[in-house]
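This report refers to the structure that appears directly beneath it.
Atoms within a ligand are numbered from 1 in the order they appear, just like the ligands themselves. Note: hydrogens, waters and symmetry copies are ignored here, and every other heavy atom, side chains too, is used. Along the sequence shown, the residues carry numbers beginning at 1.
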Amino acid sequence: MVDLLPKLKRGFVLAVSAPSGTGKTSLCDKLRDDYSFIVRSISMTTRPKRDGEVSGQDYEFVSEEDFLKRKSNGEMLETAEVFGRWYGTPKTPVERAIEEGKVIVMDIDTVGAFNVKKILKDDCVTVFILPPSFQELERRLRSRGKNSPEELKLRLSEAAREMRESAKYEYIIGNHDFSEAYQRLLGIVMTERQKAFRVELSHSNP
Ligand code: 5GP
């Protein structure tokens, strides 16, 4: 008989932030690939679809009118305007996934992460991923070969700004070695899932 084993009652949002070039996307993708209870949040945007993007997979692409209507109806968990386009997280799929005991990974900037934490409180766990050093971050960004010298400078100063915010997160992980950082991130997910308020006890109702 195993009827005393606790069941997961409530999932949570895992809000992960990091300067670009830190390996955040690969870490989050691996979590979702390895565990079916870990899912991604699909944002909504008013920006045009890029080649190869799939609606409902990369983003949900909607018109500005539709987006603003949803925003004023209170259907969005959080929104942000970036380069004149709207982005946001629809509330219902996140709430439903939390109730189903899922872990919803959000790859999100520092402003968005603090907004989500303020709204969801205990239903959100914040994690910041640090690069091993500035020199290493610069080397990684350069080796991608995607940025002009000006963009590189901008990204590095943006990284410094974001890193100053890292102390406000609940967890901080350094990504010196991918598999070690992954084990630490997975450890946070597994530990958070066992928090007493997220667990349903069968023995409390014999
Ligand atoms: P892109 O257009 O390149 O896909 O994304 C542009 C920016 O929008 C990125 O910085 C990305 O993190 C941000 N973004 C994407 N989805 C959301 C969202 O749901 N909420 C917020 N606050 N920012 C988002």
* atom 9 (C) of ligand 1 touched by protein (heavy atom, under 4.0 Å) -> no

* **Donor-acceptor under 3.5 Å (E53 side chain, R50 main chain)** => yes

* Asked: What about F61 and F67, are their ring centers closer than 6.0 Å?
  -> no

* **Exercise check, heavy-atom protein proximity under 4.0 Å to atom 12 (O) of ligand 1** => no

* Asked: Measuring from the heavy atoms of R50, does anything fall under 4.0 Å of ligand 1?
  -> yes

* Heavy-atom contacts with R47 under 4.0 Å: which atoms of ligand 1 show up? List them by number with element. => 1 (P), 2 (O), 4 (O)

* Structure fact -> The residue among Y169, F114, Y171 that forms ring pair (Phe, Tyr, Trp, His ring centres under 6.0 Å) with F128 is Y169

* Can you sort out which atoms of ligand 1 are near T89, meaning under 4.0 Å from one of its heavy atoms? => 19 (O)

* Measure from the side-chain N and O atoms of T191 to the backbone N and O of I188, and report whether any donor-acceptor pair falls under 3.5 Å. => no

* **Note: E192-K195 ion pair, threshold 4.0 Å (strictly below)** => yes

* Which bit of E78 is near ligand 1, meaning a heavy atom under 4.0 Å away: side chain, backbone, both or neither? -> side chain

* To do: Scan the protein's non-hydrogen atoms and note whether one is under 4.0 Å from atom 18 (C) of ligand 1.
  => yes

* Structure fact -> atom 14 (N) of ligand 1: closest protein heavy atom, distance to 0.1 Å, is Y87 CD2, 3.8 Å

* Within a distance under 4.0 Å of any heavy atom of S43, pick out the atoms of ligand 1 and give their elements. => 16 (N), 17 (C), 18 (C), 19 (O)

* Going from CD on E151 to CD on E158, what distance comes out if it is rounded to the nearest 0.5 angstrom? -> 13.0 Å

* Asked: Judging by distance only, is a nitrogen or oxygen of T79 under 3.5 angstrom from one on ligand 1?
  -> no

* Only heavy atoms count here, so choose which of T45, D109, V82, I42 is nearest to atom 7 (C) of ligand 1. => V82

* Rounded distance [0.5 Å steps], CG in L27 versus OH in Y182 -> 9.0 Å

* Who's the nearest protein heavy-atom neighbour of atom 15 (C) of ligand 1, and how far? -> Y59 OH, 3.3 Å

* Any sub-3.5 Å donor-acceptor pair from T22's side-chain atoms to K24's backbone N or O? -> no

